[in-house]
Each structure stands twice: as C-alpha cells, then as structure tokens.
There are 2 protein chains.
Amino acid sequence: MPEEKLSPEKQAEGFSIAREKQAVALMEDYVELIAELTDELGEARVADIAERMGVAQPTATKAIARLKREGLATSRPYRGVFLTAEGAQMAKFVYERHRTLVGVLMKIGVSKEAAEIDAEGIEHFVSDEMLAAFKKFLSDT
Amino acid sequence: MPEEKLSPEKQAEGFSIAREKQAVALMEDYVELIAELTDELGEARVADIAERMGVAQPTATKAIARLKREGLATSRPYRGVFLTAEGAQMAKFVYERHRTLVGVLMKIGVSKEAAEIDAEGIEHFVSDEMLAAFKKFLSDT
DNA sequence: TATATTTTATAGCACAGGCTATAATAAGAA
DNA sequence: TTCTTATTATAGCCTGTGCTATAAAATATA
Ligand SMILES: [Mn+2]
Ligand SMILES: [Mn+2]
Ligand SMILES: [Mn+2]
Ligand SMILES: [Mn+2]
C-alpha cells in the first residue's frame, strides 16, 4: 500500500489530540458506570463502582473526588454518588457512542464479547466525524 | 437496541485490559516513530522525535530512557536512538496495525486525515480478534 | 443498647508522563 | 583552533492514577 505520510505538524497534532482524549477517558468511564449502576441498583456506591471498574476502593474514591472537582458528580461522605446534569449528559453521550461502536465492530465480524471489551478502550478516541460515519454505516443496512 | 449487559466480571476485565493497553500505548508510538524517522532521515534524533510527538525535548528524552529500560531501544549520550530487534519487531507490527485500521476507517467513510488522527489513539486498543476481522473486512473487496 | 461487621475515608507510597529552566556536550563557523 | 550555536542531558516541579494499610463512620446483629 503506497500511503502518503501526514505532515509532521499533522502527525504531532494526532498525538496531541490522542493525549487530550486520554485525559478524559477515565472520567467518561466512571460517569457511564455511575449512570449504569444508578439505573440498575437505584444508586451508585463507591464499593460497587470500584468492583465494576476493577480497581481498589481508594482508587475509586479518588476518581470520584475528581469527578466532583470537575462538576460531573456530587456526593456526601458515606453516601452514594450522583451525576450532575452535565455528568448525566456526558453519560448519555458516552453510552450511545459505546453502543454505536460495538454495533459497528460486530457488523465487521467481531464477536460481541470482544467488541464490548475492545470498545471500552477505543470509544474514547472516536472523533465526531468518525462517529457520524459509524452511524451511517450502521443504518445503511 | 436491546443489548444484554456484560457480567460485572467481564466489564471489569474490559477496563482492566484497557488500562494495560494504555500502559504500552506510548511506547508503541515512540517505537513506530523512531522506525519512521530512521527510514526517512537515516537516523532518529531526540529533537526530531520530540517535534513529531508534539512534546518538549526532555519529555522525549525520558520516554527514550524508558524504551531503553524495557529493551526496545538503545542510545549513547548525544547520539541518535536505535531500535533493538524487539523494538523493530514491535514497530513493524504497530505500523501494519495502524495501516489496517486506517484502511478500515476509510472504507467505512472516514476521511483520510481524520482516519489517521483517530487511528493514532484507537490503534493501541485493537485486540488480535478485532485486527483479524479488520483484515478480512478489507480483503473482502 | 452494645457490639460486630461492612463501608468509606485518609495517609502515604510509587510510577508515568507532562512541563520549564539550566548545564553540559557536540558540531559548525570564524 | 577558538568561539558560537545547536543539541542533548539533568534537575526539579506538577498532576493523574494506581496500590496497601489503617482510621472512622454507618449499618447490621446480638
Ligand atoms: Mn471506556
Ligand atoms: Mn464504555
Ligand atoms: Mn498511536
Ligand atoms: Mn500509529
């Protein structure tokens, strides 16, 4: 395949954008999970968040502190975690993006389980243009 | 879409795997870039690596130190950076995976430029199964 | 109510990956 | 060869994300 290279500037921009997306990736996962737990269990407890994220409890507590600091969630000591309007909006977007991505991957031939697992990492790096193309790809039977 | 949820264990596994991939993502990018610069310019200098990665020079120096520590590259003070056999092998794999991913994205309708930029982040989270499905998708005209 | 258990918070540590400022070295020019 | 410039290394800082150990609070049980 004789591919033309991107300019050094565009290449650096690609890395730069990936770094920025990376910085919000964890917050997106937590927010999505909090919405999910609230929906399933009626509330999102720190212990459940930690378990489902596969991290130690203090790690989850610290991440929640960051969510609060960034205005995505609220909580009082020894109480569950709640999303703000902004957090809920992010959760909705992230959820739909996740589903779209899994749909595309499965349509391409990836198993559901692998698609779900891979999507967990990939989803955070999908641009608006790519998401639009994915939706179109899915709707074109 | 009535999607069935993954079990809590599988979900945690997804996050866990994403974290592991994340940890090697930067190393993959550096290794790929070093191979690219060596190919283009005959050698990979720290200054060029930093510029193309879009980071400050000491940041690149530190990353290179980690590559050396992990047996992926070698270098002597004030000299260029060279890949080990292991590093070169990683570079080859990463390059081909990158190209495959860009190919799939473009086939789905993403522009070349957006595909290249998005791929820079996504590529590191592509599993073997997904990569195989992508190759098949590309070869099936 | 008193005690045991579970849950959450806090303290303290480590490492990766950014940065700026500055020193040291190598390479080029006079 | 000496001096200037460009390159690389080093020091020191910050933030994020992990961990374990332990304290504190809330909840459940006796
Ligand atoms: Mn995710
Ligand atoms: Mn997700
Ligand atoms: Mn990349
Ligand atoms: Mn790449």
Side-chain angles (χ1 to χ4, degrees), chain A residues 8 12-31 33-34 37 41-82 120-121 124, chain B residues 8 12-34 37 41-82 120-121 124-125:
Chain A
E13 190 197 348
F15 288 125
S16 200
I17 289 175
R19 280 193 298 273
E20 281 164 22
K21 303 224 162 148
Q22 162 64 25
V24 296
L26 247 205
M27 296 299 93
E28 291 185 338
D29 282 336
Y30 273 95
V31 156
L33 178 56
I34 289 166
L37 287 170
L41 311 176
E43 65 176 343
R45 307 296 305 228
V46 172
D48 294 328
I49 295 170
E51 190 198 351
R52 299 275 273 263
M53 286 296 301
V55 298
Q57 168 260 310
T59 300
T61 298
K62 204 188 280 189
I64 291 160
R66 194 183 152 199
L67 290 182
K68 292 166 72 172
R69 187 157 26 96
E70 300 192 2
L72 295 167
T74 61
S75 82
R76 299 197 329 263
Y78 295 93
R79 283 278 143 68
V81 181
F82 305 90
E120 208 50 78
H124 311 285
Chain B
E13 190 196 348
F15 289 124
S16 201
I17 289 174
R19 280 194 298 273
E20 281 163 24
K21 302 224 162 145
Q22 167 66 254
V24 297
L26 246 205
M27 296 299 93
E28 290 184 340
D29 282 336
Y30 272 95
V31 156
E32 185 185 3
L33 178 56
I34 289 166
L37 287 169
L41 311 175
E43 65 176 343
R45 306 297 304 226
V46 172
D48 294 327
I49 295 170
E51 189 199 350
R52 299 276 273 261
M53 284 297 300
V55 298
Q57 168 259 312
T59 300
T61 299
K62 203 188 280 188
I64 292 160
R66 195 182 151 197
L67 290 182
K68 291 166 73 173
R69 188 153 29 93
E70 300 191 3
L72 295 167
T74 61
S75 82
R76 297 195 334 262
Y78 297 93
R79 283 277 146 70
V81 182
F82 306 90
E120 209 49 79
H124 311 284
F125 301 92

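Residue numbers begin at 1 in each chain, while the letters A, B, ... track the order of the sequences.
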message = Please list, in numerical order, the residues of residues 63-74 of chain A that have a heavy atom closer than 4.0 Å to any atom of DNA chain D.
response = A/R66, A/R69
request  = Starting from the first five and the last five pairs of the helix from C/dT1-D/dA30 to C/dA30-D/dT1, work out the angle between the resulting helix axes, to 10 degrees.
outcome  = 0°
remark   = In short, A/G121 meets B/A18 closest at the heavy-atom pair CA-CB, 4.0 Å
ask   = So which pairs with a foot in residues 67-79 of chain A pass salt bridge (Lys or Arg N to Asp or Glu O under 4.0 Å), sequence neighbours left out?
value = A/R66-A/E70
ask   = What's the shortest heavy-atom distance between A/E51 and B/A12, and which atoms?
value = O-CB, 3.6 Å
remark   = The reported gap from NE2 in B/H124 to CD in B/E20 (rounded to nearest 0.5 angstrom) is 16.0 Å
note = Heavy atoms of B/R19 and A/M53 approach each other most closely as NH1-O, 3.1 Å
task = Starting at CD1 of A/I64, measure out to CE of A/M27 and round the result to the nearest 0.5 Å.
result = 9.5 Å
Could you list the protein-to-nucleotides 4-8 of chain D atom pairs, N/O on both sides, closer than 3.5 Å?
unit_1 : atom_1 : unit_2 : atom_2 : d
D/dT8  : OP1    : B/R45  : NE     : 2.7
D/dT8  : OP1    : B/R45  : NH2    : 2.9
D/dT8  : OP2    : B/A47  : N      : 2.9
D/dT8  : O3'    : B/Y78  : N      : 3.3
D/dT8  : O2     : B/Y78  : OH     : 3.3

task = Compare every heavy atom of B/V81 with every heavy atom of B/A73, then report the nearest pair and how far apart it is.
result = CB-CG1, 4.0 Å
task = For residues B/I34 and B/L67, determine if any side-chain heavy atom of one lies less than 4.5 Å from a side-chain heavy atom of the other.
result = yes
Result block: side-chain N/O donor-acceptor pairs under 3.5 angstrom for residues 42-49 of chain B, not counting sequence neighbours:
none

message = Donor-acceptor check, side chain of B/R52 to backbone of B/L37, threshold 3.5 angstrom: yes or no?
response = no
task = For D/dT17, take OP1 and OP2 only and decide whether either is under 4.0 Å from a side-chain N or O of A/T59.
result = no
message = At a heavy-atom distance below 4.0 Å, which nucleotide of DNA chain C is the first touched by chain A, and which is the last?
response = C/dT7 to C/dG18
query = For DNA chain C, whose closest nucleotide is more 5', that of A/K62 or that of A/S75?
reply = A/S75
